[in-house]
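Here is the structure we will look at.
These figures come from a predicted structure and were not determined experimentally.
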Amino acid sequence: MRYALSDGGVIEAGAKLGEGGEGVVFEARDGKRAIKIYHKPLAGAAGDKLRAMVSLETAGLAAQAAWPEALIAGPGGAIAGFVMQKAAEPFDIHAVYSPRDRRDKLPRADWRFLVHVAANLAAAFHAAHEAGVIIGDVNHGSVRVGKDGRVRLIDCDSYQIMQQGRTLRCGVGVDAYTPPELQGVSLADVDRTRDHDAFGLAVLIFQLLFMGRHPFAGAPRVPGAPTDIPAAIAARAYAYADKGPLLKPPPSAPPIELVSPDLVRLFEQAFAGKGPRPTPLVWHQALMAFAATLSACKA
């Protein structure tokens, strides 16, 4: 099927790549790009945000995100969809941090590979922030990973951006990656920040390094301690905290001491601290330093 671009050009869709609540994604015939067609054309603020995203200079982000490149014209000036770079990376990040899925899809991937993916993820978040955008809806389905450990951010049309002093918000989120101060809050009414993104980034890094475990999934230390993840996040009940009063690591969970003292400190700062959370750049530097200390077991 052929679609008219808002700049007067035309693009032809090929095979269907996937479908979600908002729309359908097709591979473009050129094999290098992808096309997202919305179930319902965008207008109003949502359309304004997508137009602004296409106009942004995102050279530093282009290699790490499926960023909107061109708009597909809809009826009455609405936006029917957009064109983006195709995400060649074949795996959702949850298929990488899940031991069972990783065994099936990446049988040769060892723990050093996971550290490498975590460092690349931090670099991608840093690139997004340097481009002046906030990811907002950080979650286990918003990152793709390649067999070489490369990372690409997807679902970029939900990001929060600034246009001429106006904040075009990200109104969605997944509870398990939403920081405590935003739990139970209407996200459509919140200006998201880099520090909010830093919480979701830290959760994904923890899941990569600790066999898919969520940092707020633990065993109760006291009666009445929160047992579901959103409630634990809201209570700041980080299960691996030093002398945490509410939760402790679940049985058979990998010990937090598996990683370097610097990484232990960063997780504490991200999940149990009261100040700013570690930035993506700080995570990247600490993960690269940790990776340099790893070696294959001789046994």
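No side-chain heavy atom of L201 sits less than 4.5 Å from a side-chain heavy atom of V138. E19 has its side chain within reach of H39: a pair of non-hydrogen atoms, C-beta onward, lies under 4.5 Å apart. Side-chain contact check for M84 versus D157: every heavy-atom pair is 4.5 Å or farther apart. Considering only heavy atoms from C-beta on, Q183 comes within 4.5 Å of D175 through its side chain. The shortest distance between side-chain heavy atoms of V185 and D189 does not fall below 4.5 Å. Side chains of L187 and L182 form a contact here, defined as non-hydrogen atoms less than 4.5 Å apart. F216 is not listed as a side-chain neighbour of L246, based on a closest heavy-atom distance of 4.5 Å or more.
Atom CG of L50 and atom OG of S6 lie 9.5 Å apart (nearest 0.5 Å). Rounded to the nearest 0.5 Å, atoms CZ (R277) and CZ (R194) are 15.0 Å apart. Atom CG of L287 and atom CG of L114 lie 11.5 Å apart (nearest 0.5 Å). R102 contributes atom CZ, which lies 12.0 Å from atom CZ of F91 (distance to the nearest 0.5 angstrom). Between atom CE of residue M288 and atom OG1 of residue T293 there is a gap of 12.0 Å, rounded to the nearest 0.5 Å. A distance of 6.5 Å separates CG of N120 from NE2 of H284, quoted to the nearest 0.5 Å.
One finds no salt bridge joining D30 and K32 here, because no Lys/Arg side-chain nitrogen approaches an Asp/Glu carboxylate oxygen to under 4.0 Å.
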Take E27 and K86, measure what salt bridge (charged side-chain N to carboxylate O under 4.0 Å, His left out) needs, and give me the verdict at the end.
CA-CA 7 Å; E27 182 178 25; K86 180 183 174 183; 2.7 Å; yes
Any chance you could lay out the side-chain contact (heavy atoms from CB on, under 4.5 Å) test for L208 and I93, step after step, and finish with the verdict?
CA-CA 8 Å; L208 283 165; I93 196 167; 4.0 Å; yes
H214 and V203: side-chain contact (heavy atoms from CB on, under 4.5 Å), yes or no, with the steps?
CA-CA 7 Å; H214 194 283; V203 172; 3.6 Å; yes
Check the pair W67, V133 against side-chain contact (heavy atoms from CB on, under 4.5 Å), reporting the backbone distance first and the verdict last.
CA-CA 11 Å; W67 193 260; V133 303; 3.6 Å; yes
side-chain contact (heavy atoms from CB on, under 4.5 Å) between L153 and F125: does it pass, once the steps are laid out?
CA-CA 8 Å; L153 306 175; F125 271 61; 4.1 Å; yes
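Every residue meeting the salt bridge (Lys or Arg N to Asp or Glu O under 4.0 Å) condition with E12, not counting sequence neighbours, appears here in chain and number order: R29. Partners of D155 under the salt bridge (Lys or Arg N to Asp or Glu O under 4.0 Å) rule, at least two apart in sequence or in another chain, do not exist in this structure.
Between F113 and H116, the ring planes lie tilted relative to each other; the angle falls in the 30° to 60° range.
Between F271 and F199, the distance from one ring center to the other falls under 6.0 angstrom. F267 has its ring centre less than 6.0 Å from the ring centre of W283.
The shortest non-hydrogen separation linking D7 to G9 is OD1-N, 3.0 Å. The minimum heavy-atom distance between P75 and P41, with the atom names listed, is CD-CG, 4.1 Å. Contact detail for A232 and L247: the closest heavy-atom pair is CB-CD1, 4.0 Å. Contact record, S158 with C170: O-CB, 2.9 Å, taken as the closest heavy-atom pair. Nearest heavy-atom pair across P278 and A198 is O-CB, 3.5 Å.
The main-chain N or O of A188 is found under 3.5 Å from a side-chain atom of R169 such that the two form a donor-acceptor pair. A donor-acceptor contact shorter than 3.5 Å links the side chain of Q160 to the backbone of R192. Remark: side-chain polar atoms of D195 are not paired, donor with acceptor, to backbone N or O of T193 under 3.5 angstrom. Listed for the R152 side chain is no donor-acceptor partner under 3.5 Å among the backbone atoms of A87. Between the D92 side chain and the H94 main chain, no donor and acceptor come within less than 3.5 Å of each other.
More than 12 non-hydrogen atoms from other residues, nucleotides or ligands lie less than 6.0 angstrom from CZ of R51.
Using a 4.5 Å cut-off between side-chain heavy atoms of Ile, Leu, Val, Met, Phe, Trp and Tyr, I11 falls into a hydrophobic cluster with M1, Y3, L5, V24, F26, I35, I37, I72, V83.
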